[in-house]
Amino acid sequence: MKDFVGTTGLIFNEPLLWDKGATGRSGFSLPRRDVDAADLDDDLNGGGPDFPDLSELDVVRHFTRLSQWNFGVDSGMYPLGSCTMKYNPKINERQAALPGFAGAHPLLPAQLSQGVLKMMFDLERYLAEITGMPAVTLQPAAGSHGELTGMMIIHAYHESKGKQRTKVLIPDTAHGTNPASATLCGFKSIPVKSNEQGILSAETIAQMMDEDTAGIMVTNPNTLGLFEENINKITEIVHSKGGLVYGDGANMNAIMGIVDVKKAGIDVLHLNLHKTFSTPHGGGGPGSGPICVTEELEHFLPVPRVIEKDGKYELCEDYPESVGKIHAFYGNFGVLIKAYSYIMSMGADLKKVSQLAVLSANYIKESLKGTFHLPYDRPCMHECVFSDKFQQAAKVITLDIAKRLMEYGYHPPTVYFPLVVQGAIMIEPTETESKEDIDGFIEAMKSIAEEAKQNPELLHAAPVIAKVRRLDETGAARNPCLAG
Amino acid sequence: MKDFVGTTGLIFNEPLLWDKGATGRSGFSLPRRDVDAADLDDDLNGGGPDFPDLSELDVVRHFTRLSQWNFGVDSGMYPLGSCTMKYNPKINERQAALPGFAGAHPLLPAQLSQGVLKMMFDLERYLAEITGMPAVTLQPAAGSHGELTGMMIIHAYHESKGKQRTKVLIPDTAHGTNPASATLCGFKSIPVKSNEQGILSAETIAQMMDEDTAGIMVTNPNTLGLFEENINKITEIVHSKGGLVYGDGANMNAIMGIVDVKKAGIDVLHLNLHKTFSTPHGGGGPGSGPICVTEELEHFLPVPRVIEKDGKYELCEDYPESVGKIHAFYGNFGVLIKAYSYIMSMGADLKKVSQLAVLSANYIKESLKGTFHLPYDRPCMHECVFSDKFQQAAKVITLDIAKRLMEYGYHPPTVYFPLVVQGAIMIEPTETESKEDIDGFIEAMKSIAEEAKQNPELLHAAPVIAKVRRLDETGAARNPCLAG
Amino acid sequence: MRYLPHTSEDITTMLRKVGLNSLDALFSTIPEECRRTADLNLPEPLSEWELNAHMDALAGSMAVSPQYKSFLGSGSYDHYIPEAVNHLLSRSEVYTAYTPYQPEISQGTLQAIYEYQTLITRLLGMEVANASLYDGASGLAEALLMAIRTTRRNKVAISRLIHPLYRRVVQTYFAPTGCEVVELPYLPNGRTDLAGLDNLDDLAAVAVQSPNFFGCIEDLKNIEEKVHADGKTLFVTCFTEPLAYGMLKSPGSCGADIACGEGQSLGIPRSFGGPGLGVFATKHKYVRNMPGRLIGQTTDKNGKRGFVLTLATREQHIRREKATSNICSNQGLCATAATMYMAFVGGTGFRELAALNRDKAHYLKSELQKAGFAISFDSPTFNEFVVEFSDGFEATYDRLLEKKIVAGLPLVPYFPELANHYVFCVTETSSKADMDALVKEVQS
Amino acid sequence: MRYLPHTSEDITTMLRKVGLNSLDALFSTIPEECRRTADLNLPEPLSEWELNAHMDALAGSMAVSPQYKSFLGSGSYDHYIPEAVNHLLSRSEVYTAYTPYQPEISQGTLQAIYEYQTLITRLLGMEVANASLYDGASGLAEALLMAIRTTRRNKVAISRLIHPLYRRVVQTYFAPTGCEVVELPYLPNGRTDLAGLDNLDDLAAVAVQSPNFFGCIEDLKNIEEKVHADGKTLFVTCFTEPLAYGMLKSPGSCGADIACGEGQSLGIPRSFGGPGLGVFATKHKYVRNMPGRLIGQTTDKNGKRGFVLTLATREQHIRREKATSNICSNQGLCATAATMYMAFVGGTGFRELAALNRDKAHYLKSELQKAGFAISFDSPTFNEFVVEFSDGFEATYDRLLEKKIVAGLPLVPYFPELANHYVFCVTETSSKADMDALVKEVQS
Ligand SMILES: Cc1ncc(COP(=O)(O)O)c(C=O)c1O
Ligand SMILES: Cc1ncc(COP(=O)(O)O)c(C=O)c1O
């Protein structure tokens, strides 16, 4: 293996927190006590938690070492399909940390919260402009939360029409959270097969859509990275049967400034600000999943809503048909600041973002298609999906390829998803990766394909240079050890 | 090797900056242009430097990866003798970054700089209290800069007495920078041997001190980690011959709240704020080396000096006998903020700091003395010095021990210094290391001593798990490649 | 633009490889009818420096401490956060990573969250905790839905003294399910009135909050007996102020089946209500019905300890139509922050900090009482309590706002029957001087 | 205390190992006569939160932008610093490490400083640069001492248009050496008057600053010829504003033997004058006489590229009595910051930024001229220039301070002959609006 990005170096073992420390040690600066102690009835007193006592350095070293076991966007290319792992601008972290934002109490009187209300108001307007959808709520705390909220709105819509419906159509190319969100609203999700081109054909929908079906949840671009070309026909059909169309817009990074979601006939759309709008993923959140809806559905949006009255902003609860609240306060405000800062920094260049994200994905698709099996050889959007078909002969599977890629210094793509492609390898480079880094990744993938033929053990053994080798996930699930 | 702290994990290769990037790319947000271009005569125009063009992510990744090749105090125990690698409190970084400090221009009128002037004024008072010396300057930018300033003052003192002197006594247990600083002031440094106890005997000084000797530079505690017990006799002798005593106080971490430097007869003392007072070393600075002097020498201190006049602070130049300025402005102010914050956080507990630093060093000395040769088996101060004598039989030298220690996850001690001990291993744990971490280090040292017997190749080969193996330093010096 | 590395040469070469001659050509598969016609109508891009000025202005308009002395709590608490927490969170390996799908290169996140789960079980006296939910409110809703799944019953009873905004979120989550939510009234002493329970059977769960919205500490042990009388009903306790468990008996020790709530107090800034931390813990036997993600300990090929996402079978990836939870991204970084916070504060510190909160709140409570104001409810409290003022206090309240003092939260919007009642919160950040100033002001 | 991990048990066990029964006993070797009698008389330790409040108050009292519009430069410049620089510097592996004595685990620092040395040589057109000195002033002093070492002569001539504070530092460094410093006057056009050189022989060095203290760009090429007429004298150029070399001919291209100065402009905050960055570069042939540390490229056992501290023979460790430099700690982190800054800005950006500085300064210069004020010196300038006002301008100056405008630096303390002369500096941080406001104010 010639000199690729991945290599090894000195890192550190570190015990679990409670295997460190000594009672009486402290890592916290306890504020000076300026009042007397008030006693508490014994029958209420529990004596406090069994936490370890550590010094400040103990804790700093603990988490510094842990961090070195992680791979982040700043460590290297992170082409995790469907996750849009683009660069997280440092300056946006600064904005979110401003005392005026970080210290703001959510129940302050509106006249003392104008800055944050204006920011939210404007962000809603910008997201409306970007999607083409007129009304927006920022309350959902993540994409799936947006899906849930969206499905609640669809549920409320049918309720308001006097007749609830029981089913929702969900394509096999939709994201995994979609059915779960539908289920939470009491809908039965009906799987829909995509056609041989990897997209939905209007005919299928025409056959399946009926008066008892609340609507359809379409991920577009879908999880194969393909644009649903028949989207307008499909939405017409669904509407003609009195249904509504839910759009999963987590892949918006492919189509900003290009597609008008409203014109495509979508009724409810969620966005993942922690993907398209560059806010960090934090190792699993917090995210933010605003939803955008048509005029017809606006009055169902969660409350409170930010409104403007002659230059002053307020939170308005007065929407009797609203589905209600889905977050104690207003969603992940801190994440909104970062997305807002990103939009303010990019402006209309967001179109450029999508163009370059799609260019990079197609460049990878074309560069690797001979080497890896490309189930759907069509122009892709933000990502492209390969499979391990060519490698199976050598008993090399997607998992092996993913693990070996780590040793080359790249984060693996999303694997085994979407389910329609077996052994799927889903690659999303994003627009923030330079051509050199993308070329390095392509070279690595080719070299791995070569190794799969020459020297499959290398792949089966991988990774050998990470902090740990492959882990026993079955064992973990069979007898779960969830706390120490 | 049982499960020690050191292990290996995935890190990344990274080219040199100029081997990355592509012309026209940008990682900087150029401010909006709101004025016309003014042209420049061609004969002045040089066309600008040949720097690479990189995106923000390119640069962020570059330095993130480089950082992972480093060992810092937050990575693990860093017992580098004479360097006092204690924990650098995070909160002090916050203080130095406050816009009011970071943005302050040094030539602002005093009435607009009261905050920083007050801070400097108080810091001088606190350092005076801690050392026992009445007058302080904060201007020297590092310890050696303090030495230089101190020797300038001693030079100026003799000048003022009408007869310059040519020599300075420098013990073999003084720090390496001491003679160099003396040389810069035109003094010839005369080496003084320490006695079999590792300290200076008054007799030796009595013999060597004469009317042509400007004084002596004593590092106390000295570089063997021993307190110069005869210091008072020595200073008397030097004074009796009209000489002055320079004290290298970089090892102050051993004696805060315990020794009154003035009472020991020291005339000029420098402190290393980036050691004793917890400011970070930054991979080689910036530091800060204030000097503290007696009343007799106060009027020689560098200008400007911070003075107080009925509650207002100003910078005063009016000291005709001052040696002058040794820094364009007032020294490394940003470092002063952190040292000040540390003192404000510790108060009189600084004595505790010294007690625990000394306790830890003695604990290590007692724990390892059977295992490694201890040239001076006496109570030590902040550090203890061993040698590789016991290991030489197995052809294992100090360097091998140091390199092997890396693989155990510890930064090596200072090696081959002081020169009085050949193959010196100089260990300074500092007070911020917990007993568990110190015990881990002791265990590692013992295990290495065992390996030296059983399996010396391990040590000769070390380190094998760092980013690079041992480097060719001779080649580097023979034909220097200092720029790419 | 500094976030877009592609030079025009790069673009040309890449387009050539793709066999196209323009960026627009990349979108050939997108039908005309759903394309935008106009360019994006967004503000001119700001430079980094213009953005800073713009955001400074927005943030500068907010009312925050130290300029403002605020006695607001009610679900969002002002606690000191060690600078070291921010320092550690700012390490990009921590905050720029995704959900740890690839465990070999995500052990940092995984061990941290495993430590989070563990410390939470210790704090709440429960057996297992998940990796976090969105916030305290959705966490409570999920808890009640989980009770419905486990018990196969379709009615729950919740105390009116649960944070009113949480109750509204529960309503929203329940609306489409057809399940019923009954509310339990409160007693004059500021605790939940359980009398109603007797004529409510087949309950999937009974939920109370402690300390409750009035700041009063519920008698969990006693409630537990009533709830568990019927062997099936689950006892759900929730909280908005986890610091209380630095001194109070834990939900687990009081027999809670599910303990959930908001973890913002654990080292997370208020930032206008989010991101917070949905804390969620239960008993082993319910783990496969629990929503949200879980980290489990396991070993690698060489027998070395390691951690992985586990029990994903409950999730969306496999058997997607059967998923019991739709949670994908959660509040990972907030959970990590909470872990760091609990580690810095430590067991000893956590007890002392809790005591300090209670003692300071108690001081203000008694000072206000001495000053002649009525403490509405006499049950024991932690760091919040309710005061009743005389009519027309609104004017005083507004005058205090002018003086940059926020005199608690008016209860009337949430409890119409409680005109002139205000919830006060005192944490370690309020000094005696601040409190004395408040007492003086409310009297003048 | 959170920085002191020792519990009382720890202390007891460790003392036992040492064979002592008290902490005081550890200091038995310290004689009575030099011991402190009283405890340290220092303020009560502040908690983290008290410290923050205390420092906020001190920092809050300072006059900084954006509240203040300052046109002060003169050795300390207001340039935008990308947030990403702060982010990267805050990584503890970078800022908590010591001087890289152990190269195998210090390659990050070593490569960064090697990159610094390289970018500096490219910026200044020199062959080699060191790893940094304390600041521009001590750097100049070291340059002149180096010239004295190399030429074995003992007299240097320096321009009066070198920053006056730098000249004073040179005086201080020279005082004990017995070597002589001659100052060269300036011409009416704001450049150095070299006439004096003719009757000065055996000079070790001639030093000028460009752009000089008046902001004027010296004609280095022309000076170089005069200086090098005598084959031995070294030509030393210094600077306070390295950004100028984003457009100006580099010292190297003008034949400088040593180029040195202050690097603060390269991504380092002003911080009341320090820490800054002593930039120092020279020719290969002088490298062994160069003060300060050097990083060199080499290879490891396996032939892999790596970096080490090199040419330490010039230093204190070996042959300590012969050391040519006493520099140990330098300004490493500032050099690293400068490397990051130069990398972010890039070649293209650096040129554009330099142009923007010059253009803005030129705008203010001509606006003031239009407004009828005299531009004292007519040589070309970069981002600083001198304006002469009429008598009594002090009053206006103070009035402007009231309005939070700092109208440049009065020259008279440094050049008594230049009453009513002020140096103005304009960087990319001053907007046209700020400048127009200034022009309006100085007239009213
Ligand atoms: C297409 C798609 N939809 C929805 C989601 C769910 O978003 P979140 O993880 O924020 O709940 C994701 C993220 O995995 C996604 O990729
Ligand atoms: C005893 C002693 N004196 C002086 C110095 C020089 O200090 P600096 O590196 O700050 O110049 C050091 C640091 O190495 C030292 O240990």
Side-chain angles (χ1 to χ4, degrees), chain B residues 27-28 31 34-35 38 46 48-49 51 53 59 63 66-67 69-74 95 98 100 102-104 106 112 115 141-142 144 155 176 179-181 185 260 264 281-287 324-325 328-329 332-334 347-348 355 362-363 434-435 466 468-469 471 476 481 483-484, chain D residues 5 10 14 18 23 34 36 40 42 45 55 58-59 61-64 88 91-93 96-99 104-105 107-109 118 123 134 137 168 172 176 249 269 271-275 296-298 300-301 306 310 316 320 323 326 329-330 332-333 343-347 349 351 362-363 428 432:
Chain B
F28 183 74
D34 53 6
V35 300
F51 292 166
D53 285 354
V59 182
F63 288 101
L66 261 57
S67 75
W69 308 345
N70 262 15
F71 189 111
V73 172
D74 292 358
Q95 316 306 355
L98 288 170
L112 298 184
S144 311
H155 191 278
S181 301
C185 291
D260 181 322
H281 290 71
K325 286 184 67 62
F329 301 110
N332 284 339
F333 175 78
Q355 291 174 321
N362 280 283
Y363 179 72
S434 67
K435 176 169 178 304
V468 292
R469 303 285 304 273
L471 291 142
C481 167
Chain D
D10 292 339
M14 292 169 82
V18 178
L23 288 171
C34 64
R36 280 187 72 96
L40 288 169
L42 293 170
M55 299 306 276
L58 286 177
S61 77
M62 298 298 298
V64 293
L88 291 167
R91 290 185 58 85
S92 58
E93 298 93 328
T96 71
Y98 198 75
T99 302
E104 298 85 355
I105 51 174
Q107 285 298 304
T109 298
T118 302
L123 178 63
Y134 302 133
R168 288 178 57 190
T172 310
K249 281 214 172 70
S271 295
F272 205 55
Q297 179 175 314
T298 183
D300 78 355
K301 251 186 174 166
T310 190
Q316 319 86 31
R320 31 198 278 172
N326 77 325
S329 293
N330 51 30
L333 196 66
F344 280 114
V345 178
R351 275 182 284 281
H362 193 270
Y363 174 82
E428 74 277 9
K432 182 168 175 303

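Computation of the quantities below employed the complete heavy-atom set of this structure, encompassing side-chain atoms and omitting hydrogens, waters and symmetry-equivalent molecules.
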Could you tell me which portion of [X] (side chain, backbone, both or neither) has an atom closer than 4.5 angstrom to a non-hydrogen atom of chain B?
X      : result
D:R168 : both
D:L88  : side chain
D:Y98  : both

To the nearest 0.5 Å, tell me how far [X] [atom1] sits from [Y] [atom2].
X      : Y      : atom1 : atom2 : result
D:K301 : B:R469 : NZ    : CZ    : 4.5 Å
B:L66  : D:R91  : CG    : CZ    : 10.5 Å
D:Q107 : D:D300 : CD    : CG    : 8.5 Å
B:L471 : D:Q297 : CG    : CD    : 11.0 Å

Heavy atoms only, distances under 4.5 angstrom: which of [options] has the most pairs with chain B? Name it, please.
options                : value
D:A59, D:G346, D:A343  : D:A59
D:G306, D:C34, D:G332  : D:C34
D:L23, D:L40, D:D10    : D:L40
D:G349, D:P269, D:S271 : D:S271
D:T99, D:V64, D:T118   : D:T118
D:A63, D:A137, D:P45   : D:P45

Practice prompt. Of all the heavy-atom pairs spanning B:N70 and D:A97, show the shortest one and how long it is.
Written response: ND2-CB, 4.2 Å
Discussion item. Give me the atom names and distance for the closest heavy-atom approach of D:P275 to B:G334.
Written reply: CD-N, 3.5 Å
What residue, out of [options], has the most heavy-atom pairs lying under 4.5 Å from chain D?
options                        : result
B:G283, B:A466, B:A328         : B:G283
B:P49, B:G347, B:G72           : B:P49
B:P106, B:G115, B:A476, B:S434 : B:P106
B:G287, B:A264, B:C185         : B:C185
B:A348, B:G484, B:G324         : B:G484
B:G285, B:S181, B:A142         : B:G285

Does the side chain of [X] reach to within under 4.5 Å of the side chain of [Y], using non-hydrogen atoms?
X      : Y      : value
B:N332 : D:Y134 : no
B:K435 : B:Y363 : yes
D:S92  : B:V73  : no

Worksheet item: Side-chain donor-acceptor pair under 3.5 Å between B:S144 and D:N326, yes or no?
Response: no
Discussion item. Given heavy-atom pairs under 4.5 angstrom as the criterion, report whether the side chain, backbone, both or neither of B:V59 touches chain D.
Written reply: both
